[in-house]
Amino acid sequence: MRAVIRVLALLLAAASIPVHGEATFSERRTVTATAYNSLPGQGAGEDHSLAAWGDQLEPGMKVIAVSRDLLDAGLDYGTPVSIEGLDGIWYVRDKMHRRWRNKIDIYMGEDRRAALRWGKRKVKIRFEPLSQDVRTANR
C-alpha cells in the first residue's frame, strides 16, 4: 500500500511540472546544504547506499536527505525540490538524524571530491509541499 501511495505522490508531483521544464513551486526556504556519498564508512549500517525510507541510492540519482523538522514543512518523501546552484529537480528520498535542523544533504553518489568541493553552504530551495494525506502515508 505504501508503494502505491509513493507512486501516486510522484505522479502528482510530476503533473505539477510545466511542459517547458521549469517547475513552479509555491514554497521558498533558505537552508544549510551539505553533501553526502554512499561510500564505506559514511552513514549507518552495512549498506551505505540504503536510504532511510528503504530506497537504494545509485550514483547519478538526484536525491536529497532532509532534516526531520523539514518533514513538517512539507519536504517529505518524494517531494520535488529546486536547489540554488544545482541544475534540475531533486527529490527527497532520505532523512537525516534528528539532531539536524533546517538542513538538506545532497547525494553525490560515490564522488567524494564533489561532496568535499560542495562543502557547507546556505542555499535557497523551492518546493511544493505534499498534501497532509500523502505526508501521513509516507511516515
Side-chain angles (χ1 to χ4, degrees):
M1 181 66 172
R2 286 184 82 170
V4 171
I5 292 171
R6 287 179 182 173
V7 169
L8 289 174
L10 291 174
L11 290 174
L12 287 171
S16 70
I17 299 173
V19 175
H20 56 80
E22 287 199 24
T24 55
F25 297 122
S26 65
E27 297 294 320
R28 289 172 170 70
R29 188 178 202 111
T30 300
V31 297
T32 300
T34 54
Y36 72 114
N37 305 109
S38 51
L39 295 168
Q42 296 183 2
E46 295 207 15
D47 186 351
H48 307 289
S49 61
L50 185 63
W53 275 291
D55 290 272
Q56 195 70 40
L57 302 182
E58 297 177 16
M61 295 175 78
K62 291 190 173 205
V63 169
I64 63 171
V66 297
S67 57
R68 293 174 190 241
D69 61 318
L70 295 177
L71 297 173
D72 292 328
L75 277 162
D76 210 327
Y77 182 87
T79 305
V81 180
S82 171
I83 303 170
E84 175 186 52
L86 295 175
D87 291 332
I89 302 298
W90 296 71
Y91 294 90
V92 176
R93 291 279 188 268
D94 205 354
K95 50 190 167 183
M96 301 167 74
H97 190 278
R98 284 177 173 76
R99 72 177 172 262
W100 301 115
R101 297 281 178 263
N102 200 48
K103 185 176 179 189
I104 65 170
D105 215 1
I106 302 162
Y107 178 63
M108 297 203 172
E110 296 178 351
D111 191 344
R112 186 171 184 272
R113 273 198 184 142
L116 289 171
R117 273 193 311 270
W118 178 267
K120 177 181 174 183
R121 58 181 90 168
K122 294 278 187 187
V123 296
K124 292 177 184 160
I125 61 171
R126 295 180 304 137
F127 63 98
E128 189 65 38
L130 297 178
S131 73
Q132 183 62 41
D133 292 338
V134 173
R135 290 195 332 243
T136 301
N138 285 344
R139 297 196 183 170

Within 6.0 angstrom of Arg99 CZ, more than 12 heavy atoms from elsewhere: yes
For a quick test of reading the model, state the closest non-hydrogen atom pair linking [X] to [Y] and the distance between them.
| X | Y | answer |
| --- | --- | --- |
| Gly74 | Phe127 | C-CE1, 4.3 Å |
| Gly88 | Lys62 | CA-NZ, 3.6 Å |
| Ile106 | Ala33 | CD1-CB, 4.1 Å |
| Val63 | Trp90 | N-CE3, 3.3 Å |
| Ala65 | Lys95 | CB-N, 4.2 Å |

Please name all residues satisfying side-chain hydrogen bond (donor to acceptor under 3.5 Å, both in side chains) with [X], sequence neighbours left out, ordered by chain then number.
| X | value |
| --- | --- |
| Asp111 | none |
| Lys120 | none |
| Arg29 | Asn102 |
| Thr30 | none |

Side chain to side chain contact (heavy atoms under 4.5 Å, CB included) involving Ala35 - partner list, sequence neighbours excluded: Met108, Ala115, Trp118
Residues in side chain to side chain contact (heavy atoms under 4.5 Å, CB included) contact with Glu84, at least two apart in sequence or another chain: Val123, Lys124
Worked check of side-chain contact (heavy atoms from CB on, under 4.5 Å) between Lys103 and Met96: CA-CA 9 Å; Lys103 185 176 179 189; Met96 301 167 74; 3.5 Å; yes
Shared-cluster residues of Leu116, by chain and number - hydrophobic side chains joined below 4.5 Å: none
Val81 side chain reached by Phe25 side chain, heavy atoms, under 4.5 Å: no
Beyond-backbone contact of Leu70 with Ile104, side-chain heavy atoms, under 4.5 angstrom: yes
Stepwise side chain to side chain donor-acceptor pair (under 3.5 Å) test for Asn37 and Tyr107: CA-CA 6 Å; Asn37 305 109; Tyr107 178 63; over 6 Å; no
Derivation and outcome, side-chain contact (heavy atoms from CB on, under 4.5 Å), residues Ile64 and Val66: CA-CA 6 Å; Ile64 63 171; Val66 297; 4.0 Å; yes
